[in-house]
Student: 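Pasting a structure below so you can have a look.
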There are 2 protein chains.
Amino acid sequence: MTQTPEDKFIETLGLISQADGSPRISGQITAYLVLAGEACSLTQIAEDLDVSKASVSTNVRLLEVRGIVVRESRKGSRQDLWRALPRPHQSILSTMSERFKRNAAQIDEIAASFPADKEHKREPVSELADFYRQSADFLKSWADALAQNDTISMSKDVSDE
Amino acid sequence: MTQTPEDKFIETLGLISQADGSPRISGQITAYLVLAGEACSLTQIAEDLDVSKASVSTNVRLLEVRGIVVRESRKGSRQDLWRALPRPHQSILSTMSERFKRNAAQIDEIAASFPADKEHKREPVSELADFYRQSADFLKSWADALAQNDTISMSKDVSDE
DNA sequence: TAATACGTTCAGTACATACTGAACGTTAGA
DNA sequence: TCTAACGTTCAGTATGTACTGAACGTATTA
């Protein structure tokens with residue numbers, strides 16, 4: 001057998017992650033945990049993905065900061081267990097939104113530093129800042145809308161049990 | 001003098017571009033042309049930014065593909081002139097949207113390849129594809145909304161003349 | 001107190017790619 | 001035809017960083 005759908009999924013998310021400017025392994029870990037559907041140990045992840053524990057350690061904490069995975073501890077075990085959050089990819093949007101917000105703030109500061117006699121140069125700079133700020137808000141609202149859907153579907157799931 | 005507001009703007013857009021995973025120079029060129037407010041030659045850009053003509057050539061064509069700048073030719077001159085489009089940064093959104101769409105298509109294909117007895121693994125994969133597709137549409141609609149604003153303000157500008 | 005299992009840290013490498021300099025093809029003018 | 005100015009291409013480099021392996025600290029068992 002050449003490659004299972006699972007392998008393909010892991011590989012693809014790795015490449016997407018790389019294209020986004022994040023480490024390839026972080027995408028692979030996300031895919032792995034999404035498929036696992038349960039919390040996995042660092043050692044297990046490292047072995048199955050065939051990468052070093054050091055990389056998994058670094059990247060799994062990166063994913064934690066980004067709100068894509070959570071660390072769990074199980075009673076009686078000293079191991080850290082890692083679980084993918086229900087819809088891990090909303091954080092992509094939040095991350096983008098925050099980056100846009102930072103861009104807006106930076107560019108605003110620059111716009112403000114233009115002397116009064118260079119209004120025609122300041123204006124396009126301010127416009128760019130506005131673009132980033134508005135787009136950041138827009139992304140945020142979309143991320144929130146998705147989070148809302150999660151809450152609904154999750155509470156539905158609970159009531160189904 | 002240490003650094004003019006113009007320099008700072010160019011430098012900052014370079015760093016933002018780099019953080020987005022694009023060449024730093026492409027951001028610098030964008031900033032330069034936005035500030036210039038008119039079409040500039042490749043040689044002029046290279047000299048002012050103090051980078052090689054080779055880099056400018058490569059990156060300015062990249063920006064052209066992305067819809068951030070346009071090439072102009074002036075009668076009687078063999079030079080290519082380059083001009084920043086009115087609101088060059090909508091293309092950021094379109095680019096993102098297209099990337100998301102590609103991601104969705106790829107992941108859908110993988111989801112379809114899961115055998116019937118692994119429905120529980122296929123589902124989160126499909127969900128991710130849906131996320132990318134919906135977000136792509138969302139970004140597209142926002143980009144279009146901005147383009148709409150441009151058309152309005154541009155026609156207003158025209159009527160003001 | 002050893003010995004083992006765990007996660008983290010850190011120095012070193014391996015690799016991808018942005019950027020340069022030089023050579024090239026093309027066009028316009030002398 | 002020669003020369004000069006332009007943009008592009010391409011091989012080589014320089015640089016940033018993802019990833020590894022080994023050493024470390026800590027906590028649990030014996």
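Only this structure's heavy atoms are used, side chains among them; waters, hydrogens and symmetry mates stay out. None of these values were measured; they are calculated from a predicted model. Quick note on labels: first sequence line is chain A, next is B, and so on, each numbered from 1.
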Student: Would you find a donor on one side and an acceptor on the other, under 3.5 Å apart, between the side chain of Thr58(B) and the backbone of Ala54(B)?
Tutor: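 Yes, the answer is positive, given that a donor and an acceptor are paired below the 3.5 Å cut-off.
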
Student: Going by side chain to side chain contact (heavy atoms under 4.5 Å, CB included), name the residues that satisfy it together with Ser91(A), two or more places apart in sequence or in a different chain.
Tutor: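 Counting only residues at least two positions away or on another chain, Ser91(A) forms a side chain to side chain contact (heavy atoms under 4.5 Å, CB included) with Ile68(A).
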
Student: How long is the span from the CG atom in Asp108(A) to the OH atom in Tyr132(A), to the nearest 0.5 Å?
Tutor: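 One finds 12.5 Å between CG of Asp108(A) and OH of Tyr132(A).
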
Student: Rest of the hydrophobic cluster containing Leu85(B) (Ile/Leu/Val/Met/Phe/Trp/Tyr, side-chain heavy atoms under 4.5 Å)?
Tutor: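 Besides Leu85(B), the hydrophobic cluster comprises Val70(B), listed by chain and residue number.
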
Student: Collect all protein-nucleotide pairs involving nucleotides 25-28 of chain D in which both atoms are nitrogen or oxygen and the distance is under 3.5 Å.
Tutor:
none

Student: Provide the start and end nucleotides, 5' to 3', of the part of DNA chain C that has atoms under 4.0 Å from heavy atoms of chain A.
Tutor: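 Contacts span dA5(C) to dT9(C), reading 5' to 3'.
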
Student: By side chain to side chain donor-acceptor pair (under 3.5 Å), which residues pair with Lys140(A), not counting sequence neighbours?
Tutor: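 Scan of Lys140(A) (side chain to side chain donor-acceptor pair (under 3.5 Å), adjacent residues dropped) gives Asp144(A).
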
Student: Between Arg61(B) and Ser57(B) (side chain of the first, backbone of the second, donor and acceptor by atom type, cut-off under 3.5 Å), is there such a pair?
Tutor: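 Here the side-chain-to-backbone pair exists.
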
Student: Quick one: pull up CZ in Phe9(A) and OG in Ser113(B) and give me the separation to the nearest 0.5 Å.
Tutor: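 It comes to 10.5 Å.
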
Student: At a heavy-atom distance below 4.0 Å, what parts of residues 42-67 of chain B sit against DNA chain D?
Tutor: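 The answer is Leu42(B), Thr43(B), Lys53(B), Ala54(B), Ser57(B), Arg61(B).
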
Student: As an exercise, state the distance from CD of Gln28(A) to CG of Asp7(A), rounded to the nearest 0.5 Å.
Tutor: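 Between Gln28(A) CD and Asp7(A) CG, I get 10.5 Å after rounding to 0.5 Å.
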
Student: Does anything in residues 6-18 of chain A come within less than 4.0 Å of DNA chain C? Heavy atoms only, and list the residues if so.
Tutor: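 Hits under 4.0 Å, by residue number: none.
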
Student: For Phe138(B) and Phe138(A), take the angle between the two ring planes, folded into 0 to 90°, and tell me which bin it lands in: parallel under 30, tilted 30 to 60, perpendicular over 60.
Tutor: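 Phe138(B) vs Phe138(A) ring planes: parallel.
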
Student: Taking side chain to side chain contact (heavy atoms under 4.5 Å, CB included) as the test, write out the residues that go with Gln18(B), two or more places apart.
Tutor: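 By the side chain to side chain contact (heavy atoms under 4.5 Å, CB included) rule, Gln18(B) matches Leu15(B), Arg24(B).
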
Student: Do Ile25(B) and Leu62(B) belong together in a cluster built from hydrophobic side chains that touch within less than 4.5 Å?
Tutor: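 Different clusters: Ile25(B) never reaches Leu62(B) through Ile, Leu, Val, Met, Phe, Trp or Tyr contacts under 4.5 Å.
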
Student: Does Ala39(B) have any side chain to side chain contact (heavy atoms under 4.5 Å, CB included) partners at least two apart in sequence or in another chain, and if so, which?
Tutor: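 So Ala39(B) forms a side chain to side chain contact (heavy atoms under 4.5 Å, CB included) with Glu72(B), Arg74(B), Leu81(B), Arg83(B).
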
Student: Contacts to DNA chain D from residues 25-39 of chain B, heavy-atom cutoff under 4.0 Å, which residues?
Tutor: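 By residue number: none to list.
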
Student: Provide, to the nearest angstrom, the distance between the CD atom belonging to Glu72(B) and the P atom belonging to dG7(D).
Tutor: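 So the CD-P distance, Glu72(B) to dG7(D), works out to 14 Å.
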
Student: Sequence neighbours left out, what passes side chain to side chain contact (heavy atoms under 4.5 Å, CB included) with Glu123(B)? Give chain and number order.
Tutor: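 Side chain to side chain contact (heavy atoms under 4.5 Å, CB included) list for Glu123(B), sorted by chain: Glu127(B).
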
Student: Using the side chain to side chain donor-acceptor pair (under 3.5 Å) criterion, which residues pair with Ser52(B)? Sequence neighbours excluded.
Tutor: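 For Ser52(B), the residues satisfying side chain to side chain donor-acceptor pair (under 3.5 Å) (neighbours in sequence not counted) are Ser55(B).
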
Student: Hydrophobic cluster membership, with links at side-chain heavy-atom distances under 4.5 Å among I/L/V/M/F/W/Y: are Val51(B) and Leu63(B) in one?
Tutor: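 Yes.
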
